[in-house]
Asks: 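One structure is given below, represented as structure tokens, and several questions about it will come after.
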Amino acid sequence: MRILYHSVLPSITHAMLELGVPDGEGENLLGKATVSDHGDLAIACHSLSRTLKKSPIEIAEELSSILAPLLDGITNISAVNGFVNLKATDSWLEEKCRETCNDIRLGIPLSSNPRTVAIDYSSPNVAKEMHVGHLRSTVIGDSLTRILEFLGNTVIRENHIGDWGTPFGMLIEHLLDMGEGSNENELSVGDLDGFYKTARNKFDSDESFADRSRARVVLLQGGDEETIRLWQVLVDESTRYFNEVYQLLGVLLVDDDLMGESAYHHLLPDVVSRLNEQGLLKNSDGADVVFPGGHLNRDGEPLPLIVRKGDGGYNYATTDLACIIDRVERLKVDDLLYVVGTPQSRHFQMVFSVAYQAGLLNESNTTVHVNFGSVLGNDGKVLKSRSGSAVKLVDLLKESVSRANDVIGDKNPNLTGIEREDIANAIGIGAVKYADLSTDRTRDYMFDWARMLSFEGDTAPYLQYAHARIKSIFERVDSDEWKSSSIQITNEYESRLARSIVSFSDAVESAATDLMPNRICIHLHEIASSFGSFYENCPVLNAEEIPIINSRLLLCDTTARILSTGLELLGIDAPNRM
RNA sequence: GGGCGUGUAGCAUAGCCUGGAUAAUGCACCGGCCUCCUAAGCCGGGGACCGCGGGUUCGAAUCCUGCCGCGCCCGCCA
């Protein structure tokens with residue numbers, strides 16, 4: 001509880017001084033109580049024992065008697081086992097909770113130092129199916145976008161699609177073989193993989209096709225008009241498909257966010273010459289490289305970042321450097337975020353390092369590889385996209401929506417038509433997104449249908465359900481006098497709920513600083529759970545006294561707003577009914 | 001071989017950065033709760049040598065170190 005911490009800190013400092021604790025040593029001991037029964041905050045006095053030459057128990061007792069008058073009305077204080085426990089008083093909590101309830105931003109301040117942030121995420125490949133691997137990047141990046149924007153930062157979404165490179169030779173030749181007329185069918189939702197694989201197979205087995213493909217790559221890179229036109233057909237078909245998936249997923253990405261590899265193509269020679277001007281460029285085995293230092297190859301020799309291959313072509317390191325130049329110099333970006341899987345961490349370390357060395361970035365910039373774990377199969381091994389067993393993203397999403405629809409039929413048959421469709425969508429998509437967002441993103445991710453599509457326990461539907469239950473209460477409320485009500489804490493359920501309400505900002509702040517959306521999930525589950533107990537145990541509309549009814553309505557309303565706001569930050573809808 | 005990461009109940013996770021008091025949550029399991037604001041819910045219960053061994057500390061899941069298991073990366077793919 002950050003606000004409580006700040007409320008009591010000056011008094012702690014004062015009390016420590018009075019006890020004779022050296023400056024700065026005492027305040028650091030103030031922290032969250034590990035056992036909530038004991039209090040909200042606690043001071044472990046054991047480490048003071050040496051300097052003060054007293055037992056921790058004595059110190060804790062003295063400290064509490066000094067603090068008691070200072071914090072009168074803010075916290076109750078007790079000394080146990082050498083800990084000073086601080087527990088917010090009901091009256092303090094009532095006041096602070098009411099402030100949060102009345103705040104449009106639910107207690108979350110705007111950043112005092114807003115930044116311009118580029119977030120590189122999603123990045124599917126043209127003419128390739130989006131699979132579950134793309135889900136992570138897309139969903140995490142989308143949530144981070146929402147969170148950082150909510151805090152007042154300027155976010156530039158960058159969808160760095162794979163729309164350039166050698167595979168396009170074979171894809172274009174395959175397109176020609178198929179006949180352009182049929183591309184509509186072949187490239188539309190459902191068979192992108194078939195198109196790619198067929199092309200790949202032909203490339204591997206048919207010598208003349210392979211030759212044509214290689215020749216086509218040369219034409220493409222040379223800017224041949226007809227080749228570019230065919231390439232554009234592939235790109236357009238694919239982006240149309242990506243947009244369908246994005247729409248189904250409900251993410252913010254739109255065409256304006258597309259900044260594919262091809263967009264940087266013309267800048268690549270410039271990247272190399274700038275590195276050369278900085279004296280960083282070396283020639284190694286015929287390739288132009290930079291040695292950023294700090295990385296070794298298998299033989300213990302320095303590992304280079306290759307920016308121009310032996311055959312004169314450029315590779316992804318060059319493109320990534322071009323991106324940095326573009327984002328920093330044209331878009332005036334402060335922070336660069338890359339929502340990309342952990343396996344690429346060394347690549348990013350090297351690229352960032354070279355970018356700093358070349359002066360493309362300076363101290364005012366930050367670069368973060370927002371890494372995430374691999375998607376594993378039930379066997380605990382990484383799902384391979386090439387083996388063909390990868391699950392298509394659309395299939396997964398549709399399956400989830402369909403299951404949600406079944407549950408609705410079961411639980412609430414009154415819902416019909418468009419409303420039912422919308423709700424099935426919110427639940428089905430929400431469940432999948434939440435399954436992805438609610439764990440530490442850096443850990444590997446076990447692909448598990450049951451878990452992803454589960455609508456029980458710590459899931460999006462649980463949160464949505466809590467939200468919908470609250471909304472149903474307000475369908476019976478005519479007056480809005482509760483809006484100006486005070487908060488009255490009359491039992492443990494209200495007290496726990498109020499604590500959850502007041503702490504929402506902690507979670508959002510933590511999610512933003514560490515770029516960890518799961519911190520929000522944890523808190524939303526906590527508040528939904530607090531609400532669950534409250535709802536079962538505290539009659540709202542049937543309470544006996546009007547002030548209690550109004551207080552509870554205000555708690556309900558705020559809980560609903562926190563749930564919908566929190567879910568929105570995750571990119572998940574919160575329907576009013578379900 | 002080197003580097004990076006990871007190991008918490010049957011399963012899945014939180015907590016680890018910033019060390020504290022009976023290690024938190026969900027699924028599964030056992031037992032209760034719908035004449036009453038949505039039972040996708042609520043209440044109660046059992047279940048963990050926090051991978052193993054050292055070290056630092058008054059105190060270690062958390063910090064350091066060694067080992068073991070697993071994963072990823074280690075020069076012209078992205």
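To find a chain, count down the sequence lines: A is the first, B the second, and so on, and within it residues start at 1.
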Asks: Less than 4.0 angstrom between a side-chain N/O of T442(A) and OP1 or OP2 of U6(B), yes or no?
Replies: no

Asks: Is the Lys NZ or Arg CZ of R136(A) less than 6.0 Å from the centre of Y445(A)'s six-membered ring, within 45° of the axis?
Replies: yes

Asks: Considering only NZ, NE, NH1 and NH2 on the basic side and carboxylate oxygens on the acidic side, decide whether E475(A) and K471(A) come within less than 4.0 Å.
Replies: no

Asks: Let's test this: given Watson-Crick or G-U wobble pairing with both distances under 3.5 Å, identify the partner of G69(B).
Replies: U6(B)

Asks: With a 4.0 Å limit, can you tell me whether K32(A) has a side-chain N or O closer than that to the phosphate oxygens OP1/OP2 of U18(B)?
Replies: no

Asks: Treating T513(A) as the side-chain partner and E509(A) as the backbone partner, does any N or O pair qualify as donor plus acceptor under 3.5 Å?
Replies: yes

Asks: Does this structure show an ion pair linking E494(A) with R499(A), if we count only N-O contacts that are shorter than 4.0 Å?
Replies: no

Asks: Stacking between F83(A) and G20(B), defined as ring centres under 5.5 angstrom apart with planes under 30°, is that present or not?
Replies: no

Asks: Hey, does the side chain of D299(A) reach the backbone of E301(A) with a donor-acceptor pair shorter than 3.5 angstrom?
Replies: no

Asks: From the list U6(B), A21(B), A39(B), which nucleotide is the closest neighbour of the side chain of N81(A)?
Replies: A21(B)

Asks: Quote, to the nearest angstrom, the P distance that separates G5(B) from G10(B).
Replies: 28 Å

Asks: Can H295(A) be called stacked on G3(B) when the rule is centres closer than 5.5 Å and an angle between planes below 30°?
Replies: no

Asks: Measuring only the C1' atom in each nucleotide, how far is G51(B) from C16(B)? A whole number of Å is fine.
Replies: 16 Å

Asks: Between U38(B), C76(B), A21(B), which nucleotide gets closest to the side-chain atoms of V80(A)?
Replies: A21(B)

Asks: Would you tell me if any nitrogen or oxygen in the side chain of S345(A) comes within less than 4.0 Å of OP1 or OP2 on C4(B)?
Replies: no

Asks: Counting only Watson-Crick or G-U wobble pairs whose two distances fall under 3.5 Å, which nucleotide matches C37(B)?
Replies: none

Asks: For G46(B), which nucleotide is its Watson-Crick or G-U wobble mate, given both distances must be under 3.5 Å?
Replies: none

Asks: Taking the minimum atom-to-atom distance to the side chain of R451(A), which one of G75(B), A12(B), U38(B) wins?
Replies: A12(B)

Asks: Taking atom P in both G7(B) and A14(B), compute the distance separating them and give it to the nearest angstrom.
Replies: 9 Å

Asks: Is R443(A) close enough to A14(B) that one of its side-chain N or O atoms is under 4.0 Å from OP1 or OP2 there?
Replies: yes

Asks: Is the distance from OP1 or OP2 of A39(B) to the nearest side-chain N or O of R469(A) less than 4.0 Å?
Replies: yes

Asks: Expressed as a whole number of Å, how far does the P atom of G44(B) sit from that of C63(B)?
Replies: 33 Å

Asks: Reckon C538(A) touches a base, only the sugar-phosphate, or nothing at all at heavy-atom distances under 4.0 Å?
Replies: base

Asks: Measuring only the P atom in each nucleotide, how far is C17(B) from A61(B)? A whole number of Å is fine.
Replies: 12 Å

Asks: Give a yes/no answer on whether the side chain of R519(A) brings an N or O atom under 4.0 Å of OP1 or OP2 in A14(B).
Replies: no

